[in-house]
Amino acid sequence: MIRIHQIKIKAGQSEDCLRMKAAGILNINANAIRKLHIVKRSLDARKKPELFYSYIVDIETADEEKTVKRCKNAAKYNVMCVREQPYRFPFCRDTKPVTRPVIVGMGPAGLFCGYFLALAGFAPLILERGKDVDERQKDVEAFWETGALNPDSNVQFGEGGAGTFSDGKLNTLVKDKYGRNKEVLQVLVRFGAPENILYDSKPHIGTDILRQVVKNMRMEIQRLGGTVCFKSEVTDLMVEKGRIKGVVVNGSDAIQTEAVILAIGHSARSTFAMLFEKNIPMEAKPFAVGLRVEHSQKMIDESQYGTADRKALPAAAYKVAAKTKDGRGVYSFCMCPGGYVVNASSEPGRLCVNGMSYSGRDGDNANSAVIVTVTPEDFSSAHPLAGVDFQRELEERAFCAGNGKVPVQTYLSFSKSVLKENSRINPREGAAFPPAIKGAYDFTDITGILPPDINRGIIEGMEQFAKEIRGFNNPDTLLCGVEARTSSPVRIVRDENMQSSVKGLYPCGEGAGYAGGITSAAMDGIKIAEAVASKYGSNTN
């Protein structure tokens, strides 16, 4: 194949002209192009409001090496011959596994680990404490409507994990020299995701599509011989002489196995506590906390595109980062164009929020978390689970601030209170548009939720971000909290063989501290599947 970089098409133009532009660059007839494959597409907004899409494409044609040598534009467009090797799992279907692996958790890490082990003939058993995605959807919507929380079936727990009720963003900063990232995207497309996630620079699915993709993957795992058990919380580990011998489910049912994959999510607090009691090596790790901010999507569009009339363009996104005066990082996280803030609580008496978008991203508001880094030095002790205690304290304050509803305040009111500019607080001061929140909300003073230095860090960040995104610090910007579950507060230690000091126990994914989002968690799930297959399988390709 011939790869061509930086082919620019004006936004709104049809992709059909890609073939003509590629042929012109190579100085060949367009009919000579047998196949054109888009590798990557990104929006170039540097000359707004004149916007372009920049493409990297692969071309199949005759005499490719000669065509590249004759190309006068080779340097300008970085034209080259390429040969990509597809990802290959090291075991095949006729593998006869020594043991049936047990996977604890069915978020992206557990789902992808289970899928690849099932493909290789390992017939994994997946144990998920929550419900299947259809029943889970009903529980989540009932919670948003009534406030009645199911601690085992909510935005955090259930088939698909926390990412199922999110924007479904699939970008990752993980290096991908083994091709796992691309394989994750291709698997998602295979099970119902749109093909553009394979090449968009900022791919997303949307919670509405992601739910069906997750369900389709589960059904394929079952067809391949795997078993999925819902409402099945692992409450104990069976360990003998430093090796895993099995798990206990729901306090009573023992399941024997030599391989347990801990693909628990970042909110599996009861499981963290059980692991600590079993002396599984863990350590507190840094993460970030803050508030979720809402702006008018039209305002974000105008700032990012140079016009609020975006026509065929998608709802504009942003990503911003800065440093506070005391050296903490402050940055946007999980930005949801045209999305909703969601009540993402999983424990009674505690409240946390997250962001969510549907595939169309067609809501009136944009939202993202503005978060500030915290480290184990900020926690109350050196206990491995001190970060969990830190999160819980913030979430209890958020619950109290809103009397069980999501607490909301304008940026004008919040900043005046934090900076002591006004002792009389009107949390609605400056409000110009309604919040887009899934779940009940109430305007109230939220300045007592986070520590004072974190509040000040948020304001410092908001003011710096306004230099990049006009209007980011507008008085009518809405803030709500608390955003406390940006990543796991714990790392479950594993060695170069991907195992804990308890042999046969494989910490995996975001909850174990080795991923940060849907794609990286799925990639880690594949990595652990490779390790399990290598250890317990009987033959390789």
Side-chain angles (χ1 to χ4, degrees), residues 1-28 30 33-61 64 67-68 71-84 167-176 179 181-182 184-186 188-189 193-206 297 300-321 332 335 337-338 359 361 366 468-469 519:
M1 292 184 294
I2 300 174
R3 180 159 294 174
I4 309 173
H5 296 73
Q6 295 182 343
I7 301 180
K8 289 193 175 183
I9 304 293
K10 192 171 183 179
Q13 283 186 314
S14 170
E15 289 182 353
D16 293 341
C17 60
L18 271 176
R19 181 179 293 266
M20 297 298 297
K21 286 213 168 190
I25 291 168
L26 296 176
N27 195 28
I28 61 176
I33 296 177
R34 297 171 181 167
K35 187 176 180 181
L36 184 148
H37 171 69
I38 299 174
V39 178
K40 188 174 182 181
R41 178 180 69 178
S42 56
L43 187 65
D44 185 346
R46 289 175 295 180
K47 298 180 179 179
K48 54 190 158 190
E50 192 173 14
L51 308 175
F52 295 87
Y53 278 110
S54 180
Y55 290 85
I56 300 174
V57 300
D58 284 347
I59 301 295
E60 290 184 15
T61 187
E64 291 177 355
T67 300
V68 170
C71 180
K72 297 179 181 179
N73 297 304
K76 180 179 178 181
Y77 293 97
N78 196 15
V79 179
M80 63 182 72
C81 287
V82 296
R83 181 172 296 177
E84 289 194 341
D167 184 65
K169 280 176 284 296
L170 302 173
N171 47 303
T172 178
L173 299 177
V174 176
K175 293 182 180 179
D176 186 38
N181 186 357
K182 183 175 289 186
V184 167
L185 299 179
Q186 289 175 338
L188 291 171
V189 170
E195 288 193 13
N196 64 289
I197 68 169
L198 297 174
Y199 54 80
D200 274 338
S201 62
K202 297 178 181 179
H204 85 104
I205 297 180
Q297 183 62 52
I300 298 298
D301 290 341
E302 186 166 9
S303 178
Q304 298 297 83
Y305 293 156
T307 175
D309 183 14
R310 52 186 167 88
K311 297 178 182 177
L313 290 168
Y318 61 79
K319 184 176 182 180
V320 285
S332 61
M335 195 271 153
S359 56
R361 287 179 163 177
E468 300 180 49
I469 301 174
T519 306

To the nearest 0.5 Å, what is the distance between [atom1] on [X] and [atom2] on [Y]?
X	Y	atom1	atom2	result
I28	T67	CD1	OG1	6.0 Å
I33	L26	CD1	CG	6.5 Å
Q304	L51	CD	CG	10.5 Å
D167	H204	CG	NE2	6.0 Å
I56	I7	CD1	CD1	9.5 Å
D200	L185	CG	CG	10.5 Å

Note, [X] side chain near [Y] side chain (heavy atom, < 4.5 Å):
X	Y	value
H37	M1	no
D301	Q297	yes
Y53	L43	yes
I300	P337	no

Results of salt bridge (Lys or Arg N to Asp or Glu O under 4.0 Å) for [X] - residues two or more places apart only:
X	result
K319	none
K48	none
R34	none

Counting distance only, does the side-chain N/O of [X] pair as donor-acceptor with the main-chain N or O of [Y] below 3.5 Å?
X	Y	result
S54	S42	no
K202	N171	no
T519	L170	yes
N181	D176	no

Tell me, which pairs form a salt bridge (charged side-chain N to carboxylate O under 4.0 Å, His left out) where one or both residues lie in residues 50-61, sequence neighbours left out?
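Every pair satisfying salt bridge (charged side-chain N to carboxylate O under 4.0 Å, His left out) with a residue in residues 50-61: R3-D58.
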Could you pull out all residues at least two apart from F52 that satisfy ring pair (Phe, Tyr, Trp, His ring centres under 6.0 Å)?
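Per chain and number, F52 pairs via ring pair (Phe, Tyr, Trp, His ring centres under 6.0 Å) with no residue.
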Output a table of donor-acceptor pairs, distance under 3.5 Å, between side-chain atoms of residues 71-79 and any protein atom two or more places apart or on a different chain; print 'none' if there are none.
{"residue": "N73", "atom": "ND2", "partner": "I25", "partner atom": "O", "Å": "3.3"}

